[in-house]
Amino acid sequence: MFTTLTMNTQALHLDAAYSEDTQFGVRLVNSMFTLSTIVGLSVAQLTQGTIVANLGFSEISFPKPLFHGDTLYAETLIADKRESKSRPGEGIVTLVHTGRNQHGDVVALATRKTLVQLRPAEVSS
């Protein structure tokens, strides 16, 4: 469905007969879906209600394919954080997302910069 919605007509994602004759032998999960999923899995724990904007992605790679029927696990590490120089009350956080299959093989890596709201300063009484 994702492949169709994004108009990605790559036969490796859609055509089982075509995929049988590739080095993989079966259809692959669309890598953009894999990327979206590993980012999405981080939202509830890291950015829900705090993110202002995605600033960009870098160093995106897919070292191994993800196959239909695989289980996708994700983890996110905070690689860097700093206060914004131009936006008071906001900061820039660099996140490194890693996706692994059920065997522990890394299937996706992405570095993402986000603009987030800072925690309000605590008022001492």
Side-chain angles (χ1 to χ4, degrees):
M1 188 167 144
F2 180 90
T3 296
T4 303
L5 288 172
T6 58
M7 299 173 60
N8 179 339
T9 58
Q10 176 53 252
L12 275 171
H13 306 309
L14 294 172
D15 188 332
Y18 169 84
S19 297
E20 285 177 1
D21 293 331
T22 69
Q23 64 181 334
F24 307 108
V26 294
R27 291 179 302 128
L28 304 180
V29 173
N30 184 316
S31 58
M32 293 297 100
F33 181 74
T34 303
L35 176 62
S36 296
T37 303
I38 65 171
V39 170
L41 287 168
S42 73
V43 170
Q45 291 80 28
L46 294 175
T47 60
Q48 185 71 42
T50 62
I51 195 166
V52 177
N54 271 320
L55 299 177
F57 286 84
S58 63
E59 301 175 38
I60 297 170
S61 64
F62 304 99
K64 293 197 173 194
L66 188 67
F67 299 103
H68 295 271
D70 281 351
T71 300
L72 179 62
Y73 298 94
E75 66 181 34
T76 300
L77 300 175
I78 297 172
D80 190 41
K81 62 182 181 172
R82 67 173 177 83
E83 290 189 28
S84 172
K85 295 178 179 118
S86 61
R87 298 181 63 117
E90 296 176 352
I92 297 172
V93 177
T94 302
L95 306 165
V96 177
H97 301 284
T98 303
R100 289 185 171 80
N101 66 15
Q102 68 274 15
H103 306 293
D105 299 325
V106 175
V107 297
L109 289 163
T111 301
R112 175 171 71 130
K113 285 193 185 251
T114 60
L115 184 65
V116 298
Q117 299 170 0
L118 294 179
R119 183 180 308 166
E122 294 190 27
V123 179
S124 52
S125 39

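For the single chain, residues carry numbers from 1 onward in sequence order.
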With V107, the side-chain contact (heavy atoms from CB on, under 4.5 Å) member among D70, I38, L72: L72

Greater than 12 external heavy atoms within 6.0 Å of E59's CD: no

Residues clustered with M7, ILVMFWY side-chain links under 4.5 angstrom: none

Listed once per pair and sorted, the salt bridge (charged side-chain N to carboxylate O under 4.0 Å, His left out) pairs that draw on residues 73-90, sequence neighbours left out: E75-R100, R87-E90

Exam field: side chain T22 to backbone F24, donor-acceptor pair closer than 3.5 Å: yes

Any side-chain heavy-atom pair of L28 and H13 under 4.5 Å: yes

Pairs satisfying ring pair (Phe, Tyr, Trp, His ring centres under 6.0 Å), at least one member in residues 66-89, at least two apart: none

Nearest heavy-atom neighbours spanning V29 and F33: CG1-CD2, 3.8 Å

Candidates T76, T111, T37 - the one meeting side-chain hydrogen bond (donor to acceptor under 3.5 Å, both in side chains) with H97: T76

Trace of the side chain to side chain contact (heavy atoms under 4.5 Å, CB included) decision for L95 with I78: CA-CA 5 Å; L95 306 165; I78 297 172; 3.8 Å; yes

Side chains of L115 and I92 in contact at under 4.5 Å (non-hydrogen atoms): yes

For residues 41-58, tabulate all N or O donor-acceptor pairs below 3.5 Å that involve a side-chain atom, not counting sequence neighbours.
unit_1: S42; atom_1: OG; unit_2: V39; atom_2: O; d: 2.6
unit_1: T50; atom_1: OG1; unit_2: T47; atom_2: O; d: 3.2
unit_1: N54; atom_1: OD1; unit_2: R112; atom_2: NH1; d: 2.7

Straight-line distance of M32 CE to F62 CZ, nearest 0.5 Å: 4.0 Å

Shortest non-hydrogen contact between P63 and A108, atoms and distance: CD-N, 4.0 Å

Pairs touching residues 16-42 that satisfy salt bridge (charged side-chain N to carboxylate O under 4.0 Å, His left out), sequence neighbours left out: none

Spatial distance of atom CG (L66) from atom OG1 (T34) [nearest 0.5 Å]: 4.5 Å

Residues that, via side-chain heavy atoms closer than 4.5 angstrom, fall in one hydrophobic cluster with M1: L5

N8 side chain near F2 side chain, heavy-atom distance below 4.5 Å: no

Which atom of V106 lies closest to which atom of L109, heavy atoms considered: CG1-CG, 3.7 Å

